[in-house]
Amino acid sequence: DTVILDKTGTVTLGELKLVLAEAHLWIGDASQAHRCATDAIALFLPGTSAWFRAISEGVLASGRIGLKQALLAWVERAISTQAAPDALAAKIGVLGRGLSHLLLVGAPEHAASVLRAMEHLVGAAGEDLDAQTRYRVHHGRALWALSSGDLEQYLREAEAALAAAEEAGDPRGTTNAQVNLGFVLS
């Protein structure tokens, strides 16, 4: 259950599986990432930040390989699980990512319910959201606006997503937001 890395500390098997899921996504192996995320989720206590991060990697992997039913299941699990007090931002982040991927796999009716759940939690969190979570919220809102044909709202949300990704120091999110903005502005 615990893997010893060196004399300075340890990492749990769940954390290792979570890192493997992210690494597999970075190298383009979403199927293996999906398996690692599934393994990681089983090793974390539901509702914790680590559990929601594992769900988030499962959402991303499912969306990338078009596993619509798996994507729906991941998002439903996230919505129905109560977040620990320190895990609200992680849950909001999952919903933002889930919203985006549900739109990309052609499930706007499900995306609408995720948007409502996400907005409710964002309202409850107030101004206490970290930059990475704000990026996911704005990115999800931007894709929702685009799918609804509201280019002005899309532009506002995409610009907010870019600012949040830059603040978070997230090169992948920053690049993604820049490409999305370039698409609309061209």
Side-chain angles (χ1 to χ4, degrees), residues 12 14-15 17-26 30 33-145 147 157 160-161 164-165 167-168 170 172-173 176-177:
T12 67
E15 291 166 333
K17 289 288 188 174
L18 185 54
V19 168
L20 284 171
E22 187 172 351
H24 283 293
L25 283 166
W26 273 96
H34 190 266
R35 285 189 285 281
C36 289
T38 302
D39 291 346
I41 290 163
L43 297 167
F44 292 121
L45 184 63
T48 61
S49 290
W51 187 84
F52 283 114
R53 285 194 332 269
I55 291 278
S56 186
E57 294 303 318
V59 163
L60 182 55
S62 302
R64 286 210 180 145
I65 54 180
L67 296 176
K68 187 175 181 179
Q69 293 307 313
L71 176 57
L72 290 169
W74 291 116
V75 172
E76 287 303 317
R77 270 181 95 179
I79 288 173
S80 66
T81 301
Q82 179 70 34
D86 64 344
L88 183 58
K91 181 173 181 171
I92 292 169
V94 170
L95 298 183
R97 183 173 266 177
L99 169 60
S100 300
H101 284 281
L102 286 168
L103 289 168
L104 293 172
V105 300
E109 66 286 349
H110 295 290
S113 66
V114 173
L115 176 65
R116 285 189 298 275
M118 181 186 77
E119 294 296 1
H120 174 75
L121 293 174
V122 168
E127 299 295 318
D128 294 335
L129 293 177
D130 61 280
Q132 186 65 45
T133 302
R134 289 194 321 273
Y135 163 72
R136 292 219 176 116
V137 167
H138 289 297
H139 181 70
R141 286 174 178 164
L143 288 179
W144 178 261
S147 72
E157 291 295 343
E167 181 184 338
D170 177 3
R172 180 172 46 180
N176 190 23

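All residue numbers refer to positions in the sequence shown, counting from 1.
- Between atom NE2 of residue H120 and atom CG of residue L95 there is a gap of 11.0 Å, rounded to the nearest 0.5 Å.
- R97 meets the side chain to side chain contact (heavy atoms under 4.5 Å, CB included) test with S56, E57, V59, L60, H101, R136, R172; sequence neighbours excluded.
- One finds the CG atom of L20 at 11.0 Å from the CG atom of L25 (value rounded to the nearest 0.5 Å).
- A distance of 11.0 Å separates OG1 in T133 from CG in D128, rounded to the nearest 0.5 Å.
- Between the CG atom in L99 and the CD atom in E119 there is a gap of 8.5 Å [rounded to 0.5 Å].
- A donor-acceptor pair under 3.5 Å links the side-chain atoms of K91 to the main chain of T81, judged by distance alone.
- Minimum heavy-atom separation, A78 to V94: CB-CG1, 3.6 Å.
- Within the model, atoms CD1 of I41 and CZ of R77 stand 5.5 Å from one another, a figure rounded to the nearest 0.5 Å.
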Between H24 and R35, is the side-chain contact (heavy atoms from CB on, under 4.5 Å) condition met? List the steps. CA-CA 10 Å; H24 283 293; R35 285 189 285 281; over 6 Å; no
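- More than 12 heavy atoms of other residues, nucleotides or ligands sit less than 6.0 Å from atom CD of E109.
- Closest approach of G47 and W51 over heavy atoms only: N-CE3, 3.4 Å.
- Between A54 and A37, the shortest heavy-atom contact is O-CB, 3.7 Å.
- Looking at E22 and R53, no side-chain N of the basic residue comes within less than 4.0 Å of a carboxylate O on the acidic one, giving no salt bridge.
- To the nearest 0.5 angstrom, I55 atom CD1 is 8.5 Å from T38 atom OG1.
- Under the ring pair (Phe, Tyr, Trp, His ring centres under 6.0 Å) criterion, H139 pairs with Y135, sequence neighbours left out.
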